Undergrad: 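Take a look at the following structure, please.
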Amino acid sequence: MRSWLFQEEHDLFRRTVRHFLEQEIAPAIDLCETRGSVPREIFRKVGQQGYLGIPFPESVGGLGGDILSQAVWIEELCRLGSGGIAAALTAQTVIALTPIWRWGSEMQKQQYLNPGIRGDKIFALAVTEPDAGSDVAAIRTTAYKKPGGYLLKGSKLFITNGTQADVVVVAAKTSPDKGRKGISLFLVDSRWAGFRVGRRLEKLGWRASDTAELFFDGIMIPQDHLLGECNRGFYYLIDEGFVYERIAMALSAVSLAERALSDASRYAQEREQFGRHLAEFQVIRHKLVDMALDLVKARRLTYRALYLFAKDDDAKIAAAMAKAYAGEMARRVTDDALQIFGGNGYMMDYPLQRYWRDARILSIGGGATEVMYDIVAKSVLQEGRKTDGGRDGS
Ligand SMILES: Cc1cc2nc3c(=O)[nH]c(=O)nc-3n(C[C@H](O)[C@H](O)[C@H](O)COP(=O)(O)OP(=O)(O)OC[C@H]3O[C@@H](n4cnc5c(N)ncnc54)[C@H](O)[C@@H]3O)c2cc1C
């Protein structure tokens with residue numbers, strides 16, 4: 001059946017991407033999971049196909065595709081079943097290269113976007129700090145104006161691709177007294193004096209991606225490495241960057257859950273107990289139906305947000321709804337799938353345990369469920385204020 005959202009060109013692209021991922025990336029999953037990071041060769045391999053620059057114009061080395069094509073890429077990548085590989089590659093494209101494309105100068109695009117799209121350089125976005133997670137405006141890293149540039153001091157936490165990044169897009173306070181109105185974004189080369197990678201953090205899931213602490217011990221950033229306008233960083237992140245990141249996280253949740261459901265459905269039809277296949281027990285059949293219903297709801301919310309975003313409508317509320325619902329749905333569905341696998345689901349020999357572990361971050365990272373609910377609640381309450389509260393005027 002034709003999708004209401006994707007066109008024939010997207011279906012063709014999906015087939016090409018799926019073939020590439022199954023041939024080139026799937027065989028590397030175990031290596032990446034054990035190593036705790038995605039090797040540079042994989043970034044390059046993906047970059048050579050153009051998949052790190054799908055929505056960027058050809059003039060900067062991109063494929064010149066649309067947001068829906070990039071969504072296809074994210075869905076297929078997550079369908080592989082390694083959230084860590086997906087996290088590393090989407091951290092590069094969705095959260096680090098996108099702001100360079102959106103707000104970068106010509107020099108920044110030529111110098112950074114190009115090698116990022118080719119996969120020759122690895123990128124990260126560094127916003128989170130030990131005392132500033134959900135509350136982005138509370139960051140303490142500072143970048144004070146100096147002759148010829150800015151002096152960067154501070155630290156970051158939980159940074160995906162942090163141990164191997166060549167370039168980091170860093171959020172820092174340029175006017176600390178102005179709160180959220182005093183945040184700017186900078187392009188920071190990890191070879192510069194004062195850049196230090198701290199601990200590589202051990203995680204429950206997303207184990208194929210590296211996550212690190214970063215320290216900036218007085219880095220002198222040249223003036224032309226300020227990204228966009230000074231003091232506009234918070235709005236770049238919150239109004240646009242995070243909306244897109246949330247939709248990408250919701251797409252990841254839907255794809256991962258779909259993979260878990262399909263594995264569980266197959267297993268239920270193969271595994272026999274009490275002389276019958278598991279799928280013949282009504283309780284199992286109904287569990288599979290509950291999982292499918294949950295998945296359909298999450299997908300609808302996600303595609304709605306994606307549709308609005310793709311046609312440049314305000315997608316902030318729709319993205320928060322999709323992220324909140326899909327993130328929680330992935331927890332439920334992977335948990336139920338693991339239950340259907342019984343003891344095998346708990347074993348490292350089967351990938352179910354990885355789906356279950358990888359699903360857990362989807363309701364925390366990129367805006368936790370509670371914070372998404374707060375965003376949606378503001379809109380629901382505002383709508384309520386526009387009505388008479390449901391009173392019958394007669
Ligand atoms: C594996 C991993 C990779 C990551 N990658 C990156 C990255 O590449 N770059 C980057 O900058 N960051 C990254 N992050 C950080 C991630 O975005 C944050 O973890 C997330 O925003 C939540 O922040 P926090 O962990 O500090 O939790 P906190 O903000 O301390 O929240 C803790 C709990 O309190 C709840 N809470 C907080 N505020 C409210 C509120 N107002 N109302 C109700 N409940 C609230 C939260 O929902 C959560 O349940 C990563 C994190 C992880 C775990």
Side-chain angles (χ1 to χ4, degrees), residues 32-33 36-38 82-99 116 122-141 154-173 180 183 185-186 188 190 197-216 227 233-234 236-238 241-246 248-250 252-253 256 319-320 323-324 327-328 330-331 354 357-378 381:
C32 297
E33 292 282 332
S37 62
V38 174
S82 168
I85 295 183
L89 296 176
T90 51
Q92 171 111 347
T93 53
V94 174
I95 65 173
L97 294 184
T98 300
I122 295 180
F123 283 69
L125 172 76
V127 178
T128 306
E129 298 181 1
D131 296 319
S134 304
D135 185 6
V136 172
I139 60 168
R140 291 186 185 168
T141 294
S155 68
K156 297 288 173 182
L157 189 66
F158 301 152
I159 306 308
T160 303
N161 294 341
T163 66
Q164 39 178 13
D166 301 294
V167 184
V168 183
V169 177
V170 176
K173 287 255 169 85
R180 65 179 58 185
I183 295 175
L185 300 183
F186 294 92
V188 177
S190 63
V197 178
R199 278 180 310 146
R200 175 207 191 98
L201 303 164
E202 283 297 325
K203 311 187 290 296
L204 173 74
W206 275 10
R207 291 185 69 86
S209 68
D210 62 299
T211 310
E213 294 174 317
L214 299 179
F215 294 94
F216 316 124
L227 188 57
F234 185 83
Y236 294 158
L237 291 172
I238 294 283
F242 286 171
V243 172
Y244 187 30
E245 183 186 4
R246 284 165 194 161
M249 293 283 274
S252 310
L256 180 66
K323 166 78 175 63
E328 297 297 327
R331 284 169 70 179
R354 188 171 67 236
R357 288 184 291 104
D358 286 350
R360 194 62 189 84
I361 182 64
L362 297 170
S363 50
I364 300 172
T369 301
E370 295 78 3
V371 176
M372 296 301 98
Y373 266 65
D374 252 18
I375 293 171
V376 179
K378 275 184 203 134
L381 293 170

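Atoms within each ligand, like the ligands themselves, are counted from 1 in listed order. Along the sequence shown, the residues carry numbers beginning at 1. Here the structure is a predicted model, which means the values were calculated and not measured.
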Undergrad: Considering only non-hydrogen protein atoms, determine which one is nearest to atom 29 (O) of ligand 1 and report residue, atom name and distance to 0.1 Å.
TA: Ser134 OG, 2.6 Å
Undergrad: Looking only at heavy atoms, what is the nearest atom pair of Asn161 and Ala88, with distance?
TA: ND2-O, 3.0 Å
Undergrad: Do other residues, nucleotides or ligands put more than 12 heavy atoms under 6.0 Å from Arg180 CZ?
TA: no
Undergrad: For Ser209 versus Gly84, what's the shortest heavy-atom pair and its separation?
TA: CB-O, 3.2 Å
Undergrad: Work out which heavy atom in Ile159 is nearest to a heavy atom in Thr128; give both atom names and the distance.
TA: CD1-O, 4.2 Å
Undergrad: To the nearest 0.1 Å, how far is atom 45 (C) of ligand 1 from its closest protein heavy atom, and which atom is that?
TA: Glu370 CB, 4.2 Å
Undergrad: For atom 42 (N) of ligand 1, which protein heavy atom lies nearest, and how many Å away is it?
TA: Asp374 OD2, 4.0 Å
Undergrad: Kindly give the heavy-atom pair with the smallest separation between Ile183 and Lys173, and that separation in Å.
TA: CG1-CE, 3.9 Å
Undergrad: Does ligand 1 come near enough to Trp206 that some N or O of the ligand is less than 3.5 Å from an N or O of the residue?
TA: no
Undergrad: Would you check the N or O atoms of Thr369, main chain and side chain alike, for any that come under 3.5 Å of an N or O of ligand 1?
TA: no
Undergrad: Are any of the N/O atoms in Thr128 less than 3.5 Å from those in ligand 1?
TA: yes
Undergrad: Which protein non-hydrogen atom lies closest to atom 8 (O) of ligand 1, naming both residue and atom, and how far is it?
TA: Thr160 N, 3.0 Å
Undergrad: Do Ser82 and Glu33 pair up side chain to side chain, a donor and an acceptor below 3.5 Å, judged on atom types alone?
TA: yes
Undergrad: Is it the side chain, the backbone, both or neither of Leu125 that has a heavy atom closer than 4.0 Å to ligand 1?
TA: backbone
Undergrad: Just need the protein heavy atom nearest to atom 4 (C) of ligand 1, so name the residue and atom and give the distance.
TA: Phe158 O, 3.0 Å
Undergrad: Enumerate the atoms of ligand 1 whose separation from the nearest heavy atom of Ala368 is less than 4.0 angstrom.
TA: 46 (C), 47 (O)
Undergrad: Quick one: nearest non-hydrogen protein atom to atom 39 (C) of ligand 1, plus distance?
TA: Val371 CG2, 4.1 Å
Undergrad: What is the minimum heavy-atom distance between Val197 and Gly162, and which atoms define it?
TA: CG2-O, 3.8 Å
Undergrad: State, yes or no, whether a side-chain contact exists between Ile122 and Val38 at a heavy-atom distance under 4.5 Å.
TA: no
Undergrad: For Met372 versus Ala324, what's the shortest heavy-atom pair and its separation?
TA: CB-CB, 3.7 Å
Undergrad: Answer yes if a protein heavy atom lies under 4.0 Å from atom 34 (O) of ligand 1, otherwise answer no.
TA: no
Undergrad: Mind checking the CE-CD1 spacing from Met249 to Ile95? Nearest 0.5 Å is all I need.
TA: 9.0 Å
Undergrad: Does ligand 1 have any atom sitting under 4.0 Å from a heavy atom of Gly366?
TA: yes
Undergrad: Thr369 and side-chain hydrogen bond (donor to acceptor under 3.5 Å, both in side chains): which partner among Lys323, Arg331, Glu328?
TA: Glu328
Undergrad: Can you confirm whether something in the protein, heavy atoms only, sits under 4.0 Å from atom 15 (C) of ligand 1?
TA: yes
Undergrad: Students should be able to answer this: which protein heavy-atom is nearest to atom 1 (C) of ligand 1, and at what distance?
TA: Lys203 CD, 3.6 Å
Undergrad: Is there any N or O on Gly365 that sits under 3.5 Å from an N or O of ligand 1?
TA: no
Undergrad: In terms of residue, atom name and distance, what is the protein heavy atom nearest to atom 24 (P) of ligand 1?
TA: Gly133 CA, 3.9 Å
